[in-house]
Colleague: 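This is the structure, below, for whatever I ask next.
Order of listing sets the numbers, starting from 1, for every ligand and every atom in it. Sequential numbering from 1 along the given sequence is applied to the chain's residues.
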Amino acid sequence: MQNLTITRPDDWHLHLRDGEAMKAVLPHTIRQFARAIIMPNLKPPIRSVADAAAYRDRIIAAIPTGKQFEPLMTLYLTDNTNPEEIIAAKASQFVKAVKYYPAGATTNSDFGVTDIRKCDRVFEVMQQVNLPLLLHGEVTDRDVDVFDREKVFIEKHLLPLKERFPNLRVVLEHITTSDAVQFVLATNNIAATITPQHLLFSRNILFKGGIRPHFYCLPILKREEHRLELLQAATSGNPKFFLGTDSAPHPRNSKESSCGCAGCYSALHAIELYTEAFESANSLDKLEAFASFYGPDFYQLPRNTEQITLTKTTWRIPDEVPFLESGLVPLWAGQEMRWQMAEH
Ligand code: DOR
Ligand code: ZN
């Protein structure tokens, strides 16, 4: 096969940042994706419908002339989120979900939830008005090993949450373990996004010949057996698994540091990375539904009608792209790729 034409995809989990950083990365996403679920972990986070409306206006103002892109907004859940804000969010039409970060779990999560049960009144209303909950599914307990944080979150918090709110529609974001795959398969009203890095790499790559900060994200990469199960889930044709890059730009100097930030930058070339992953599993025929159908179906939005074409040709991922003061290193920089999206 030399050409692969698919419906234009959407990114169901994206960190766009704000200001100059956003202006640098937004064109990369727009090249490939028609819509994206925009993460609310700014400093300070997007906590109200008014915050989301203003952020959405800034994103729309940064769309290059002549390009189409729809930002789908989210609210950042805190211990103090008011159920009335949920009603207003649903009524706004542009807020499509609410994001849960455990306090302290990752970048800009200081305002996150300290105890998930504190939000039960909010979850009750979200269940009622049919607004999805997006989970950063990791515990933050100091005594839990960093590689076990997703598994423990599922047992300790997610299972009880789904028992309390069986009709609450949940996306377990950026899943990394077979435990997550099994839980999603076995439970109603839950789906999962999968990133390119978790489909392509196991944790070995973090230490290949030295420490490699540009592969460091949260949840951290896991063992190869987990990667294989994620790849199997993504290519299985099960609509519970769909594309969400978790592309999270940090300037080079914040990644290459004695205490480097978590986040992989994949918005530059996400669809090509996913194509490589699906080809490695002999499942190119399953790419379109994963990238372009199951996400809108879960969010109860129309599928895109435009198409994109991927062509079999070799090219090298650049070492760096311009970004703030120190540049941005794309995921798998320097790697030779076999698929490239045709420019229109
Ligand atoms: O690696 C990550 N980076 N994981 C997250 O959950 C947040 C993200 C970011 O915002 O940089
Ligand atoms: Zn994220």
Colleague: Heavy atom under 4.0 Å from ligand 1: found in Arg17's side chain, backbone, both, or neither?
Modeller: side chain
Colleague: If we ignore angles and hydrogens, is there a donor and acceptor under 3.5 Å between the side chains of Glu173 and Thr193?
Modeller: yes
Colleague: Grab the two heavy atoms, one from His226 and one from Thr176, that are nearest each other, plus how far apart they are.
Modeller: CB-O, 3.5 Å
Colleague: Which atoms of ligand 1 have any heavy atom of His250 under 4.0 Å away?
Modeller: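 Reading through ligand 1 atom by atom, the close ones are 9 (C), 11 (O).
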Colleague: Can you tell me how far CZ of Arg164 sits from CG of Leu159, rounded to the nearest 0.5 angstrom?
Modeller: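 It comes to 10.5 Å.
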Colleague: Should the pair Phe278 and Phe290 be assigned to parallel (<30°), tilted (30 to 60°) or perpendicular (>60°) ring geometry?
Modeller: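 Rings of Phe278 and Phe290: tilted, as their planes differ by 30° to 60°.
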Colleague: Considering only non-hydrogen protein atoms, determine which one is nearest to atom 5 (C) of ligand 1 and report residue, atom name and distance to 0.1 Å.
Modeller: Thr106 OG1, 3.1 Å
Colleague: NE2 (His15) to the Zn ion (ligand 2) to NE2 (His13): angle, nearest 10 degrees?
Modeller: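 Nearest ten degrees: 110°.
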Colleague: Just checking, any donor-acceptor pair under 3.5 angstrom between side chains of Gln182 and Glu229?
Modeller: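 Yes, Glu229 and Gln182 have a side-chain donor paired with an acceptor closer than 3.5 Å.
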Colleague: Do we see a donor-acceptor contact under 3.5 Å between the side chains of Thr5 and Thr309?
Modeller: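 Per modelled atom types, Thr5 and Thr309 side chains form a pair under 3.5 Å.
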Colleague: Are any of the N/O atoms on Ala262, whether in the backbone or the side chain, positioned under 3.5 angstrom from an N/O atom of ligand 1?
Modeller: yes
Colleague: Near the Zn ion (ligand 2), is there an N/O/S atom from Glu173 that is less than 2.8 Å away?
Modeller: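 Of the N, O and S atoms in Glu173, none lies under 2.8 Å from the Zn ion (ligand 2), which means no.
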Colleague: For atom 4 (N) of ligand 1, which protein heavy atom lies nearest, and how many Å away is it?
Modeller: Leu218 O, 2.9 Å
Colleague: Quick check: of its N, O or S atoms, which one does Asp246 have closest to the Zn ion (ligand 2)?
Modeller: OD1
Colleague: With side chains defined as the heavy atoms from C-beta onward, is the minimum distance between Asn80 and Arg47 less than 4.5 Å?
Modeller: no
Colleague: Check each atom of ligand 1 against the heavy atoms of His136 and keep those under 4.0 Å away; list them by number with element.
Modeller: 6 (O)
Colleague: Scan side-chain atoms only and decide if Glu150 and Thr177 contain a donor-acceptor pair under the 3.5 Å cut-off.
Modeller: yes
Colleague: Geometry only, no angles: is Ala248 polar-contacting ligand 1 at N/O separations under 3.5 Å?
Modeller: no
Colleague: Taking distance alone, with no angle check, do Asn41 and ligand 1 share an N/O pair under 3.5 Å?
Modeller: yes
Colleague: Which atoms of ligand 1 sit under 4.0 Å from any heavy atom of Cys217?
Modeller: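 Selected atoms, number and element: 1 (O).
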